[in-house]
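In what follows, a structure is listed as structure tokens, so that the remarks can point back to it.
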Amino acid sequence: MVLLQVKRGDENLFIHETSVEEGTSEIIRDIVAIYNGRLKVYRICSEIEELIDHGTMLPPEMIGLTDDQICELKLRDIWAEKCIPAGGFVYNKDPLGRRNGQKPQEKMCELLKKAMEDAKKMIDKKLVMARQPLHLKNVQEALNLLRGAITIVYPMQLPPHDTIRMEFSNMEDLSGTQASREVIESTKAQLWFAGKQVLPEKKLYEYVGKNDKTKVVVKLNKHGDGPPGREAVLTEEIRKRMMADAFRRQEELKVSFDTLFRTYRFL
């Protein structure tokens with residue numbers, strides 16, 4: 001199987017395992033699904049961190065309001081009474097006014113933290129250094145791990161408007177957020193290899209050759225971004241080794257020159 005080291009800009013993301021006989025349309029689709037899936041895992045983990053500190057999200061009409069404004073408008077969070085974390089909660093007011101302040105007990109918080117840590121390890125870009133491929137099923141396992149932890153802590157489920165629940169249901173609204181700029185729609189995705197765009201409806205071997213035991217770098221971007229920068233001819237590791245060799249050679253020449261100079265000095 002050929003290994004595609006997927007990068008976005010200069011950042012290593014993951015390794016995709018495929019075959020040179022695979023269609024480029026399917027490869028682009030799978031790479032985009034893994035890419036967007038990783039983003040979803042990180043978004044959910046970010047929201048879980050807020051959940052750990054400040055409980056579930058307030059209804060949309062209450063977000064950002066002060067206590068006085070809530071009282072004046074006679075608003076009430078009916079979900080706060082339904083979605084209580086297992087074992088009870090400790091009140092910790094959210095300074096941003098997004099969550100209801102019903103922080104889970106420490107034991108439940110530790111459970112959520114462990115789930116986040118394990119989920120992130122499953123999709124970590126450090127897997128690239130270990131030459132370990134990332135499959136869509138690995139991303140799904142990470143999401144299932146997070147979903148399972150949330151279910152344990154909130155057996156009555158989260159409020160339907162909570163961002164975490166919406167993410168799990170694929171109903172998240174990212175409009176107007178930085179996250180929306182990171183997500184890539186499959187119809188707008190482009191894959192590049194050696195400065196050339198990998199076009200759909202072709203075979204991978206038309207770009208990387210027919211050697212099915214190789215590893216190449218491909219770059220992912222959006223339509224309209226333009227061609228990504230070419231990979232450096234020399235890797236950072238090779239560059240450092242060459243610099244070390246040059247320095248060592250320079251020192252050897254310096255020693256040789258000093259020896260030659262002393263020899264002629266006493267003639």
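The residues of the chain are indexed from 1 along the displayed sequence.
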As an exercise, state the distance from [atom1] of [X] to [atom2] of [Y], rounded to the nearest 0.5 Å.
| X | Y | atom1 | atom2 | value |
| --- | --- | --- | --- | --- |
| L51 | R98 | CG | CZ | 10.5 Å |
| M57 | E50 | CE | CD | 9.5 Å |
| L65 | E72 | CG | CD | 10.0 Å |
| F168 | N144 | CZ | CG | 8.5 Å |

I'd like to know if [Y] and [X] are part of one continuous hydrophobic network [Ile/Leu/Val/Met/Phe/Trp/Tyr, side-chain heavy atoms within less than 4.5 Å].
| X | Y | value |
| --- | --- | --- |
| M108 | I164 | yes |
| M1 | I34 | no |
| L199 | L204 | yes |
| L3 | V32 | no |
| L111 | I48 | yes |

Geometric cation-pi criterion K103 and F89, 6.0 Å radius, 45° cone |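 Pair K103/F89 does not count as cation-pi.
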Where do I123 and F14 land on the side-chain contact (heavy atoms from CB on, under 4.5 Å) test, with the steps shown first?
-> CA-CA 8 Å; I123 61 168; F14 56 89; over 6 Å; no
Is there a donor-acceptor pair under 3.5 Å between the side chain of [X] and the backbone N or O of [Y]?
| X | Y | answer |
| --- | --- | --- |
| E172 | T163 | no |
| H54 | N92 | yes |
| D225 | K222 | yes |
| T214 | V2 | no |

List the atom pairs, donor and acceptor, that lie under 3.5 Å between side-chain atoms in residues 181-193 and the rest of the protein, sequence neighbours left out.
residue, atom, partner, partner atom, Å
Q190, NE2, H223, ND1, 3.3
W192, NE1, N221, OD1, 3.1

Could you give me the CA-CA distance, side-chain angles and deciding distance for D68 and T66, then say whether side chain to side chain donor-acceptor pair (under 3.5 Å) is met?
-> CA-CA 5 Å; D68 290 341; T66 64; 5.2 Å; no
Worked verdict on D162 versus T56 for side chain to side chain donor-acceptor pair (under 3.5 Å) = CA-CA 7 Å; D162 195 289; T56 60; 5.0 Å; no
